[in-house]
Amino acid sequence: MVKIKRLLDYFTYAIVLLGTLPLYPHLDLPVRLLLPAALVAGVIADQRERTLLKTPAATLLTLAFFAYYGLTLSLANFILPLVNVLALLLAVRLVTPRTGRNTLQAFVLSLFALASSTLIVLSPYFLLFMVLQVLLITVGLVLLAFFVADPHLSLSRGQLRRLLSFALILPVTSLLLMALIFPILPRTQRPVWGFLNPAIAATAGFSEQVQPGSVAQLNATKQVVFRAESERLPQAELYWRGIVLDTLRGNTWLRGDESGGRSSRLEGGQPIRQTISLEPQSGGYLFALDRPESLQGIRHRSSPDLVHHASQAERQRVRYDAASRLGGTLRENGIPQHTLLTVPAALPARVQAVGERIRQQGRTVEEKIALTEEFFRQQQLSYATSDLPDPQNPIEDFLFGKRRGYCEFFASSFAVILRQAEVPTRLVGGYLGGDYNALGGYYLVTEDMAHVWVEARLEDGRWLRLDPSRLAINAATAVRGSNPAHLGLLRQLADSASHFWAHSILNYDLLRQIEILRSTGERLQKPTWRPQKIPSGLLPLALAVAATILGLTVWHRRKSREQRLVARFQRLAAKQLGLGSIPPHIGLHELARRLKDPLAHEFAERYGQAIYQDRQLSRAEIQELNDLLRRMRRQQG
C-alpha cells in the first residue's frame, strides 16, 4: 500500500525542482544557498512528520522578503528581484506544514517560477521542463484532491496505477492539442514581454574599431554569434564579412563617412547562398560570406564597400538570406585617396623606413604587396593572444620587439606599411572559419572566431583580400580557418536542437506564418517532388531512434509473468483436449473442470486467489505455479 501523503510529497519536491532549476544560476547567492537547504530540511521534516516553521512566522518571513526586494525594484531592475522573491516564497512553503493549501501554493509558485525564467533565458530545455511540470502538476492536483478528502488514505498498487493512468489523460491530450494548434495561433513579430529583457551586454570578439595593444591579453569566448545554413566549403574560404574600417586616427581604425557619391560593382566569383540565423547583438551589422552581394528577409541598408547594417538595432534573433560571390571582383569609385593612405603621425622611424624601402623597390602594387609579405616572413612573427606588444608603441614592438600578436597586430601593421608604400588599404572585420554541423547542415560561428584582415586596392580599382595572419610561423595551428574543426555527434545533436528551437519556436512569428501559408499554396497549385539530400550524420541518428522506438514498443507489449503462466497453462490444456487453441471465453476454472486433472484444479485455484484479489503474484507463488505446469507436462509425456 502507498500512502497518498507520501506520494504527494514526492510530487511536490519534483514540481519545485522543475520550477526553480532554470532560475537557479541567476539567483542571488544567499537565495541559492537557502533554497536547497529548505528543500532538504522539508524532506527530513516530512519524513519525521514534524513542522519546522509555523504559519505566523512564515507570514512574517514572507513580508520581510517582499520588503527587502521591493526596495531594489525598478524598471531597469525588475526581473531579478522578482525571481528571487519567487524562490524565497517556495523555500518558505517547503518548511511550513504540508497542508492542502500550502501544497497548492507550492504548485502555483513553481509554475510562476518556471514561467519567469523565460524572461531571463529561453533555452530548448524550457520545453522539457514545461512538459514535465504540466504532467506532474496535473497528477499532483488529483492526488491533492484525495489528500484533502482523507489525509491518511492509502492506495494499493493497482489502484494507484489506475489513478495515475486516468490523471495523465487530460495533460497528455492538452499537450498534443497544444502542439497541433501552435502553427496556426496568432503570432506577433515582437515578444510581448521583450521590453522586460535586460539590455544586450557588450562581448569580446567582433568590434566596430580596431586598436592593437588596447588589451593586455585576448580571452576568447565560445559564445554563438550566428549559424549559417550553406553547402560545405573549403575552410580557407570562410571569411564572414561584417565591417570595413578605412579611417586611421592614431593607432585606431574606424569606419569613415559612408556618404559622398560612392558606388561599387561586384563581378564574377562563385555564387553561394546562405541562410543566416544571427543571435541578438548590439552593433546591428549583418554578416555573410565574403563578398556579400545582397541580403533578403530583413530591413537593412547597404554600403558600396559591401557592409550591410540592420535598419534598427535588433534585440532579438534575426534570420535572413544572403547571396555572396566567393572570389568575386569588387570595384569602387568615389573613395577619397587620402583617406586610404593616411598613416599615424607618430609612426616610428623603423616602420617608416620599411614602408619607404618597399615604395622605392616595388614598381606595381602587386610587387609592393609581395615585398611586404616577404618582410613579414623574415621577421618570424608568431600568432599569439598573450604576452602582447607594448600598448604605447604596438606596431614597432610587434614587428621588431616581441614579434607576437593576434590578427589586429598583423592586419594593422601590414596595412600601415602598405600605406607608407603608397598602396591604398583598409581593414575588414568579421569572422574566420566555422564548425560545420553535418547533422543540421550549417556552420556554427562563435565569438572566438572574430578576425580582421586587409584589403588593398590595385591600380585598376580592384580590391584584393590579404590575410597577414597567415604569414605567422605558427599559422597552420594558431589561426582559425587553417584547419577544419570537427564537432562530436552529441554536440552536433545538442546544437541542432538549439538551432531548431530558435528557428522553429522562438522565431516563429507572423512573417513565418505568412511565408508557410504562401509556400503551401504554391505547392498545392504546382505539386512537385524533389529528393532532398539527407545529411550524413542523420542516418545513424535515425537508426538509433528507430531502434529505441522498436525496443520500447516490444518492451511495452511484452507479456507479464502472470500472462506467460496462463499462456503456458492454455497450451498444455489445448494439447490434452486435442484443440488447436483455447477459446478466449473459457476461464481457468472451467478449463480445469474439463481437464479433470487435480494439478489443473490446483493451478486455477492458486492463480485465482492472487489475481482475483487484485494483487500481483509473489516470487514463491510463481515458482509453485511453474512447478505445477512442469508436472502437468510430464504427465502428458
Side-chain angles (χ1 to χ4, degrees), residues 210-213 236 239 244-248 250-253 290 305 327 329-330 332 335 337-384 388-389 393-429 432 451-476 478-479 481-482:
V210 169
Q211 186 179 9
Y239 284 87
V244 171
L245 308 171
D246 52 16
T247 301
L248 184 57
N251 287 325
T252 305
W253 292 82
D290 195 30
D305 52 6
T329 300
L330 173 64
E332 282 185 72
I335 308 177
Q337 184 78 358
H338 65 85
T339 300
L340 301 174
L341 292 176
T342 302
V343 297
L347 193 63
R350 285 195 289 182
V351 179
Q352 289 187 41
V354 172
E356 182 62 23
R357 177 176 59 81
I358 292 174
R359 186 186 67 82
Q360 295 176 356
Q361 294 179 356
R363 292 171 299 176
T364 63
V365 171
E366 286 85 347
E367 288 183 0
K368 293 175 181 176
I369 292 173
L371 289 169
T372 307
E373 291 176 342
E374 181 59 26
F375 167 73
F376 266 58
R377 291 192 186 94
Q378 292 172 353
Q379 295 306 108
Q380 296 287 293
L381 303 171
S382 300
Y383 193 93
L388 299 174
N393 199 3
I395 294 180
E396 184 179 27
D397 195 28
F398 169 66
L399 293 175
F400 303 102
K402 290 188 175 180
R403 291 186 171 89
R404 52 189 286 124
Y406 51 91
C407 59
E408 291 188 0
F409 288 92
F410 280 88
S412 297
S413 304
F414 199 88
V416 165
I417 290 179
L418 282 181
R419 285 190 172 191
Q420 187 68 21
E422 297 183 351
V423 176
T425 57
R426 62 189 181 188
L427 301 192
V428 181
L432 173 61
H451 194 63
V452 178
W453 60 94
V454 176
E455 279 189 343
R457 192 171 69 178
L458 305 181
E459 285 90 347
D460 59 1
R462 290 183 295 126
W463 283 101
L464 182 65
R465 185 175 68 206
L466 304 166
D467 191 351
S469 297
R470 295 188 182 279
L471 301 175
I473 57 176
N474 59 342
V479 179
S482 299

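Just so it is clear, the model here is predicted, and its values are computed rather than measured. Note that these values count all heavy atoms, side chains included, but never hydrogens, waters or copies made by symmetry.
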Next on the checklist: Less than 4.5 Å apart, side chain to side chain, heavy atoms only: is that true for I369 and E373?
Outcome noted: yes
Next on the checklist: Could you check whether any side-chain heavy atom of V210 comes within less than 4.5 Å of a side-chain heavy atom of S412, counting everything from C-beta outward?
Outcome noted: yes
Checklist entry - Looking only at heavy atoms, what is the nearest atom pair of K368 and G362, with distance? => result CE-O, 3.3 Å
Checklist entry - How far does CG of L248 sit from CG of L427, to the nearest 0.5 angstrom? => result 8.0 Å
Item to check | Side-chain touch V351/Q420, heavy atoms, less than 4.5 angstrom | outcome: no
Checklist entry - With no hydrogens and no angle check, is any side-chain donor or acceptor of K402 less than 3.5 Å from a backbone partner on L388? => result yes
Item to check | Close side-chain approach of P348 to I395, heavy-atom, < 4.5 Å | outcome: no
Next on the checklist: Can you give me the closest heavy-atom contact between H338 and T342, atom names plus distance?
Outcome noted: O-OG1, 2.7 Å
Checklist entry - Does the side chain of C407 come within less than 4.5 Å of Y383's, by heavy atoms? => result yes
Checklist entry - Are V423 and I358 side-chain neighbours, meaning at least one heavy-atom pair lies under 4.5 Å? => result no
Next on the checklist: Within the structure provided, determine whether R404 and F409 are in side-chain contact (heavy-atom separation under 4.5 Å).
Outcome noted: no
Next on the checklist: Can you classify the ring geometry of F398 versus F410 as parallel (below 30°), tilted (30 to 60°) or perpendicular (above 60°)?
Outcome noted: perpendicular
Checklist entry - Say you draw a straight line from CG of L381 to CG of L471; how long is it, rounded to the nearest 0.5 Å? => result 8.5 Å
Checklist entry - Between atom OH of Y239 and atom CG of D290, what is the distance when rounded to the nearest 0.5 Å? => result 9.5 Å
Item to check | Exam field: side chain E455 to backbone V428, donor-acceptor pair closer than 3.5 Å | outcome: no
Checklist outcome for this item: Scanning both residues in full, the closest heavy-atom pair of P389 with D397 reads CA-OD2, 3.2 Å
Checklist outcome for this item: Taking every heavy atom of A411 against every heavy atom of P468, the minimum-distance pair comes out as CA-CG, 4.1 Å
Item to check | Separation between CG of D246 and OG1 of T339, rounded to the nearest 0.5 Å | outcome: 6.5 Å
Next on the checklist: Just verifying a value: how many Å separate R403 CZ and Q380 CD, rounded to the nearest 0.5 Å?
Outcome noted: 9.0 Å
Next on the checklist: Taking the side chain as everything from C-beta on, heavy atoms only, tell me whether L245 gets closer than 4.5 Å to V452.
Outcome noted: no
Item to check | Reported CZ-to-CH2 distance for the pair R470 and W453, which is rounded to 0.5 angstrom | outcome: 10.5 Å
Checklist entry - Hey, what's the ring geometry for F400 with F375, parallel, tilted or perpendicular (30° and 60° as the breaks)? => result tilted
Next on the checklist: side chain to side chain contact (heavy atoms under 4.5 Å, CB included), that's the test. Do V354 and L399 meet it? Break it down for me.
Outcome noted: CA-CA 11 Å; V354 172; L399 293 175; over 6 Å; no
Next on the checklist: Determine whether a donor-acceptor pair (N or O, by modelled atom type, separation under 3.5 Å) exists between the side chain of R426 and the backbone of L340.
Outcome noted: no
Next on the checklist: I'd like to check the side chain to side chain contact (heavy atoms under 4.5 Å, CB included) partners of E459; sequence neighbours left out, ordered by chain and number.
Outcome noted: T364, V365, E366
Checklist entry - Donor-acceptor pair, N474 side chain versus S382 backbone, under 3.5 Å? => result no
Next on the checklist: Taking ring-ring contact (aromatic ring centres under 6.0 Å, His included) as the definition, give me every residue that meets it alongside W253, ordered by chain and number, with sequence neighbours left out.
Outcome noted: none
Checklist entry - Considering all heavy atoms of both residues, which atom of P344 and which atom of G250 are nearest to each other, and what is their separation? => result CG-O, 3.3 Å
